[in-house]
Protein chains: 2
Amino acid sequence: MIFIITIRDIAKRAGVSVATVSHVINNTRFVSEELREKVRKVMEELDYHPNLVAGSLRRKKTNTIGLIVPDNSNPVFAELSRAIEDIGFSSGYSVILCNSAYNLDKEIKYVRVLRSKRVDGLIIIPTTVQATYINQLVDSGLPVIILDRTVPDAKTDSVLLDNYQGTYDATVHLIKLGHSLIAYIDRPFDLPHSLDRLRGYRKALEENGIQLKDELIVRGGFDYEGGAEAMQKLLKRKPTPTAVIAFNDISAIGAIRAIEDCELKVPQDISIVGFDDIPQSSFTTPRLTTVHFPKYRMAEVAFELLQKKLEGTSSDRRAEIVLPLRLVVRESTAKIG
Amino acid sequence: MIFIITIRDIAKRAGVSVATVSHVINNTRFVSEELREKVRKVMEELDYHPNLVAGSLRRKKTNTIGLIVPDNSNPVFAELSRAIEDIGFSSGYSVILCNSAYNLDKEIKYVRVLRSKRVDGLIIIPTTVQATYINQLVDSGLPVIILDRTVPDAKTDSVLLDNYQGTYDATVHLIKLGHSLIAYIDRPFDLPHSLDRLRGYRKALEENGIQLKDELIVRGGFDYEGGAEAMQKLLKRKPTPTAVIAFNDISAIGAIRAIEDCELKVPQDISIVGFDDIPQSSFTTPRLTTVHFPKYRMAEVAFELLQKKLEGTSSDRRAEIVLPLRLVVRESTAKIG
DNA sequence: CTGAAAGCGCTAACAT
DNA sequence: ATGTTAGCGCTTTCAG
């Protein structure tokens with residue numbers, strides 16, 4: 001940071017007070033066209049760039065928000081980050097991107113940093129269900145919005161998905177296609193939202209008189225490989241499932257890979273449905289049937305909620321917005337052969 | 001930002017000077033274990049979080065860097081962002097993520113913001129070849145590292161790929177497989193790095209006595225759909241290519257989609273090779289043959305270069321590190337039928 | 001309509 | 001070994 005020109009320099013050179021310069025920069029009180037023009041010219045000449053860190057200190061507002069996601073290299077989170085940046089930008093906010101790497105320790109470290117950096121707000125997809133450190137933040141007055149994860153005791157707003165409905169619909173879709181041996185690839189460890197997805201699956205089976213087989217539920221990982229490995233396990237189970245639901249598209253894509261590696265075909269031999277509807281899911285072979293996650297919408301809602309908190313117009317009640325989900329039927333599911 | 005406890009409060013309550021508190025926080029001069037402990041206790045009690053914006057103002061260092069990428073929802077950039085965040089985090093830097101959306105105007109706006117926010121450095125994948133605004137930054141003393149794009153007149157370091165070699169190898173691979181009708185899906189508009197890729201392709205054809213057919217070069221878009229559309233055009237060309245090289249994996253995946261939609265098979269009817277080696281490329285059907293882009297390595301090199309500039313130990317010469325590329329042969333390429 | 005000046009919370013030179 | 005204090009560059013109240 002070797003920027004030396006300050007507002008005083010501008011003021012001196014333009015023959016006005018620093019107050020005037022500040023006001024022309026921020027358009028915050030009337031300044032005669034004459035002075036205004038003079039100030040602008042000097043700023044231009046000296047290539048002046050206002051120091052926002054000084055401004056932030058004074059104004060107690062940084063115009064930056066923190067965003068903590070598990071892993072930006074996951075397409076869902078990448079799209080979500082992108083959307084939040086987009087929306088933030090148009091409201092004059094920058095976003096500090098933080099990856100927790102599914103690691104509570106790193107997440108908490110980041111929260112400390114962001115807090116010390118005095119971000120105006122925080123949008124977070126937490127790694128755990130633990131609410132204490134989030135509530136500390138909230139209690140300290142930092143606006144926090146929780147995304148995509150249920151944190152039961154959190155004292156702040158969240159925007160969630162109707163996960164239960166998502167897998168319920170997916171399962172019913174499969175059942176209607178004649179499947180009854182429907183497997184489920186779950187995430188590596190439970191969290192309320194994943195439990196909800198599992199519940200949707202279970203409920204659909206139950207309602208249709210299909211007995212749940214525990215050996216058809218298996219855990220995957222957070223990458224493509226995880227889905228492939230889970231599927232490999234499933235392929236060894238007897239009876240072999242004729243359909244599988246994965247907790248996300250990445251796993252589903254890994255699963256397809258594993259199936260085809262066994263000389264089986266999707267959907268002829270096994271149907272697959274994913275969750276998230278990441279961009280590539282329309283371009284896989286076969287195109288993936290999946291539950292559409294409205295990422296941009298989630299970002300919008302999150303930002304609106306955050307804005308309200310920033311403006312102090314947030315309702316006292318803890319908002320919990322649940323976005324509806326919709327099954328997108330493509331080519332990876334078919335009538336049982 | 002309604003954090004009210006300041007270093008003075010801590011000092012007062014602990015019965016020490018603010019200097020002492022500052023020094024225990026930053027470990028910047030000796031403080032007796034006794035005072036140190038007392039201060040720590042008070043900080044704990046009052047849930048004190050040092051105000052880094054004040055610190056930054058004073059210290060003229062924000063410990064945050066700006067990262068401008070075209071679009072974080074592109075898997076390559078998502079991985080790159082992730083890697084830079086990761087490396088930055090371990091050196092105590094936060095990163096402000098900015099998407100230029102391939103839009104020079106937005107890019108320049110972000111540069112202004114980042115500059116005013118006094119980021120310590122900037123890592124950028126520029127949208128254009130235009131160096132002026134980058135050089136202004138450089139001249140103003142802001143450490144800038146250019147990634148993945150050739151900006152000929154830029155007066156700062158860059159870390160690039162050996163793009164020429166990448167497509168050259170890809171093309172030779174195809175030629176060895178017996179192909180001579182090799183098409184090329186280019187990006188929507190030219191930039192030096194894409195021109196280099198095209199050069200590699202041309203050179204390989206030429207060296208092998210294959211005549212370049214201009215009608216086999218077509219432009220795609222920045223998403224999967226763009227690749228699919230480009231491929232559709234190619235499929236209408238006579239003679240139809242037996243192999244195609246795409247400027248990135250996303251396009252290649254879109255192209256595969258388009259091919260299969262015409263009841264043709266990859267690689268039996270048409271071979272495809274991509275560029276980037278994004279994670280999903282090992283899991284497509286067929287697995288994509290592609291040029292591996294060492295994303296984490298690029299992030300590391302970029303950060304090292306940046307660090308040097310931050311420490312003022314950067315060489316005077318403008319560094320231009322070119323990372324080697326390597327073709328990963330998977331299943332989307334085969335001997336001509 | 002414009003200016004003077006206090007102070008945001010911290011760091012670090014200087015003093016003891 | 002610790003304390004005092006002058007700013008960092010800006011915003012904003014208060015005065016005129």
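A note on names: the letters A, B, ... follow the listed sequences, proteins ahead of strands, and every chain is numbered from 1.
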Original post:
Quick one: Ile5(A) CD1 to dC8(D) P, roughly how many Å, whole number?
Top reply: 15 Å

Subject >> Any N/O donor-acceptor pair, Arg8(B) side-chain to dG3(D) base, under 3.5 Å >> reply: no

Original post:
Out of dC10(D), dC10(C), dT12(D), which has the shortest distance to the side chain of His23(A)?
Top reply: dT12(D)

**OP:** Compare the minimum distances between each of dA6(C), dT2(C), dT11(C) and the side chain of Arg58(B), then state the nucleotide with the smallest one.
**Re:** dT11(C)

Original post:
Atom CD1 of Ile4(B) and atom P of dG7(C): how far apart are they, to the nearest Å?
Top reply: 19 Å

**OP:** Grab the two heavy atoms, one from Leu122(B) and one from Leu67(B), that are nearest each other, plus how far apart they are.
**Re:** CD1-N, 4.3 Å

Original post:
Just to confirm, is there a sub-4.0 Å distance from OP1 or OP2 of dT2(D) to any side-chain nitrogen or oxygen of Thr20(B)?
Top reply: no

Subject >> First encountered from the 5' end of DNA chain C, between Ala54(B) and Arg29(B) >> reply: Ala54(B)

Original post:
Hey, is the main chain of Ala78(A) close enough, under 3.5 Å, to the side chain of Asn72(B) for a donor-acceptor pair?
Top reply: yes

Subject >> Per Ser17(A) side chain, nearest of listed nucleotides dT11(D), dC10(C), dG3(C) >> reply: dG3(C)

**OP:** With the side chain of Val16(B) defined as its heavy atoms from C-beta on, choose the nearest nucleotide among dC10(D), dT11(C), dG3(D).
**Re:** dG3(D)

Subject >> Among dA12(C), dG9(D), dT2(D), the nucleotide that comes nearest once only the side chain of Lys60(B) is considered >> reply: dG9(D)

**OP:** When you get a sec, tell me which of dT11(C), dG9(D), dA12(C) is the closest nucleotide to the side chain of Ala19(B)?
**Re:** dA12(C)

**OP:** Check whether more than 12 heavy atoms from other residues, nucleotides or ligands sit under 6.0 Å from atom CD of Glu44(A), and answer yes or no.
**Re:** no

Original post:
Going by atom types alone, do Tyr296(B) and Asp86(B) pair a side-chain donor with an acceptor below 3.5 Å?
Top reply: yes

**OP:** Report yes if at least one side-chain N or O of Tyr48(B) is closer than 4.0 Å to OP1 or OP2 of dG9(C); otherwise report no.
**Re:** no

Original post:
Whole Å only: how far is the CZ atom of Arg59(A) from the C1' atom of dT13(D)?
Top reply: 15 Å

**OP:** Among dG7(D), dA1(D), dC1(C), find the nucleotide with the atom closest to the side chain of Phe30(B).
**Re:** dA1(D)

Original post:
Out of dT12(D), dT11(C), dT2(C), which has the shortest distance to the side chain of Ile7(B)?
Top reply: dT11(C)

Original post:
dA1(D) P sits how many Å from Glu37(B) CD, rounded?
Top reply: 18 Å

**OP:** Please determine if a side-chain N or O atom of Ser56(A) lies less than 4.0 Å away from the OP1 or OP2 oxygen of dC8(C).
**Re:** no

Original post:
Roughly how many Å is it from NZ in Lys38(A) to P in dC1(C), rounded to a whole number?
Top reply: 16 Å

Original post:
Val18(A) side chain: which of dG3(C), dT11(D), dC10(C) is closest?
Top reply: dT11(D)

Subject >> Presence of salt bridge, Glu45(B) and Lys38(B), under 4.0 angstrom >> reply: no

Original post:
Heavy atoms under 4.0 Å, any strand shown: does Val31(A) hit a base, just sugar-phosphate, or nothing?
Top reply: sugar-phosphate

**OP:** Determine the contact category for Leu52(A): base if any of its heavy atoms lies under 4.0 Å from a base atom, sugar-phosphate if only primed atoms, P, OP1 or OP2 are that close, otherwise nothing.
**Re:** nothing

Original post:
So, is Ser22(B) near the phosphate of dT11(C), with a side-chain N or O under 4.0 Å from OP1 or OP2?
Top reply: yes

**OP:** Specify the separation, in whole Å, of atom NZ of Lys12(A) and atom P of dG9(D).
**Re:** 12 Å

Original post:
dC8(D) C1' sits how many Å from Arg118(B) CZ, rounded?
Top reply: 11 Å

Original post:
Looking at dT2(C), dG9(C), dT11(D), which one has an atom nearest to any side-chain atom of Asn51(B)?
Top reply: dG9(C)

**OP:** Check the distance between dG7(D)'s C1' and Leu57(A)'s CG and give it to me in whole angstrom.
**Re:** 12 Å

**OP:** Report yes or no: do Arg82(B) and Asn74(A) form a side-chain donor-acceptor pair below 3.5 Å?
**Re:** no

